[in-house]
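So the structure is just underneath, and the comments pick up after that.
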Amino acid sequence: MPYSAEINRTNPTCFVFLVDQSSSMLKPFGGQPDKQKAEGVADAINRLLQNLILKCAKSDGIRDYFYVGVIGYGGKVVSALGGALAGQALVPISVIANNPLRVEQRTRKVDDGAGGILEQKFKFPIWVEAKAIGRTPMCEALKLARQYLEMFLGRFADCYPPLVINITDGMATDGDPRLDAQALQKLTSSDGNVLLFNAHLSAKRALAIEYPSLEDPLPDNFAKLLFRMSSKLPPRLFEAARADKFPLQPEARGFVFNADLVSVIRFLDIGTRVAQTIR
Amino acid sequence: MLTEIPSLRWYAFHTHKRGNTPDEYEDAFAGDAATGRFAVADGASESSFTAAWAKLLVENFVTAKGRSWHDLDWLASPRQLWANDVDAQSLPWYAEEKREQGAYATLLGVAFSRRAWHALAIGDSCLFRLRGGKLGKSFPLAHSSDFGNQPALLGSRGRPADTPSQSIRRARGKWRPGDRFLLMTDALAEWMLRRHEQGQRPVEDMDRLLAEPAPQEVFAAWVEERRKNQGLRNDDVTLVVIDFMANDLSFRAKG
């Protein structure tokens, strides 16, 4: 059965994040109108990286179950990693963990277990800053992701298929991204095709939609285009999502509208799961 | 004392997940023939400081005063010990966050008294009672399809939401001389039930292992063989075997 390879340190898999940093990201975010989309995108990618790291963190350090690349596209297409990681393509997750640009102190509200709410401080590492500049070369970003993954698959031919997560407001300026998406999804390991999931951050104040099976309920053509580019959830991810109480229909796709894809990380199987992620 | 007239004998076997090092083993087991209490636990691989938590759980289940299979008050002590151990450490941000979340493990404990047994389960570690070479009772899961990768867990931070009361399972029964009880963490238990469902006689398979001159020494290879050829999931594996000697009615356990 495809998508069943064990993810471990000798046979890791790969995440490539594509981050839309174009000038349209200056507009407010529908989900949180007091926030620019660029800030929403930066929060989303930082939270994804944080959760990916926490999934691999043990008391004695980080286990390198994943290699990670972050590609920014705003005007030009480049590695969006900064600081000590500036310009790097794919790096082991432990290297990401130990090299954030900075670690912010944030607060969150938690249930105190007795009907009340507690404010709890927590550390929020930043790897990618909010940025909004230039046009939206999404096709070129998908091409660069393909180069990263050809390299990775050359080394780990039997890995759990790599995942590409594209976070965008949906408006490519350099052509029809579906062709480059398809070319990316044609890459395979012996365990299956590369997966492309899309997170659409829109200025529209529409309800969040997670893992739909049909494009009809989606509010605009950009969302529909991204939906069509998104891979279907493989059976085990589908089952894990259902077990997590996502009301999925058959053929659900790796697409969310005004929502985040942190849950995908939770669905991946690296051993006995604990039902927690950082929001 | 039981040790003078050993109507009960117990053995434990364990091996780590392939690809991990032996010190990354995060299951745990404990037993005390004198009190008639035994336990296995499976630390959740996604949590941190997990092996220590699993070990504290089984040891405290076995040594707790009172009916540890019935009331869970005894958990306060291992939770405090765990926190004392980890809260003082200076850690990088990710380890700090994982420490804050707490460690998680399944627990299966059983307590034998004069004629009866009482078991407690949180999660998918399983107890099997064998009688006359046949698989009898299985608890808390009865089918291989009941296993998933998100079992109920006991958390070291003791948040009420972590372990809802419906995920705490209890069972009881009678034991007879000649009975054999097996306690297992999930990968082996799933294998056992699946092979049984397929008519493959896993009990006999296990009997042959236990009849080896030095079963401990061949256990890891025995597991690896079944990982390769019989779909035994690659995970830490722990097995506790408790045998009640036939024709010996002298067992008296406390508790």
Side-chain angles (χ1 to χ4, degrees), chain A residues 4 6-12 49-63 65 93-94 96-100 102-105 108 110-115 120-126 236 239-240 242-245 265-278, chain B residues 17-21 23-24 26-27 42-54 85-86 89 91-106 123-125 147-164 185-187 227 233-236:
Chain A
S4 60
E6 187 181 298
I7 301 170
N8 58 43
R9 283 165 286 184
T10 48
N11 193 33
L49 290 172
Q50 183 188 22
N51 277 281
L52 207 52
I53 290 161
L54 289 175
K55 196 168 176 95
C56 308
K58 298 295 284 180
S59 35
D60 54 357
I62 302 282
R63 295 189 183 168
Y65 296 128
I93 188 78
S94 60
I96 302 271
N98 289 312
N99 292 285
R102 61 178 189 282
V103 179
E104 288 182 358
Q105 189 88 241
R108 65 183 159 212
V110 292
D111 187 342
D112 69 357
Q120 190 181 55
K121 285 197 170 124
F122 70 102
K123 290 183 175 167
F124 191 81
I126 306 289
R236 286 193 180 184
E239 289 310 322
R242 275 214 166 156
D244 250 21
K245 311 276 189 280
I265 293 173
R266 211 163 57 232
F267 305 156
L268 278 181
D269 184 5
I270 59 157
T272 305
R273 293 167 55 210
V274 175
Q276 283 177 335
T277 47
I278 310 302
Chain B
K17 180 175 177 170
R18 187 202 321 124
N20 285 5
T21 59
D23 63 355
E24 289 171 344
E26 292 179 323
D27 283 358
D42 175 359
S45 33
E46 284 196 11
S47 65
S48 282
F49 304 97
T50 308
W53 173 236
D85 183 30
V86 307
Q89 299 181 32
L91 299 169
W93 69 267
Y94 44 83
E96 214 173 87
E97 182 67 42
K98 294 291 281 257
R99 170 174 69 189
E100 198 47 48
Q101 291 175 7
Y104 289 83
T106 69
D124 56 6
S125 293
F147 292 83
N149 76 340
Q150 203 167 6
L153 299 164
L154 275 173
S156 61
R157 292 294 187 193
R159 297 185 185 98
D162 283 348
T163 313
T185 49
D186 60 327
R227 283 176 182 156
R233 199 162 43 78
N234 183 26
D235 196 356
D236 291 339

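No hydrogens, no waters, no symmetry mates; every other heavy atom, side chains included, goes into these values. Note on naming: letters A, B, ... go to the chains in the order of the sequence lines (proteins, then strands), and numbering restarts at 1 for each one.
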The interface call for A/Glu239 against chain B, heavy-atom contacts under 4.5 Å, is neither
Please state whether the side chain, the backbone, both or neither of B/Glu96 comes within less than 4.5 Å of a heavy atom of chain A. side chain
Salt bridge flag under 4.0 Å for residues B/Arg227 and A/Glu6: no
Most heavy-atom pairs under 4.5 Å with chain B, out of A/Cys56, A/Ala57, A/Pro100, belong to A/Ala57
Should A/Tyr65 and A/Leu52 count as side-chain neighbours, where that means a heavy-atom distance under 4.5 Å? no
Less than 3.5 Å apart, any donor N or O on the side chain of A/Arg9 or B/Asn20 sitting next to an acceptor on the other? yes
A/Pro125 and A/Gln50: which non-hydrogen atoms are nearest, and at how many Å? CD-NE2, 3.8 Å
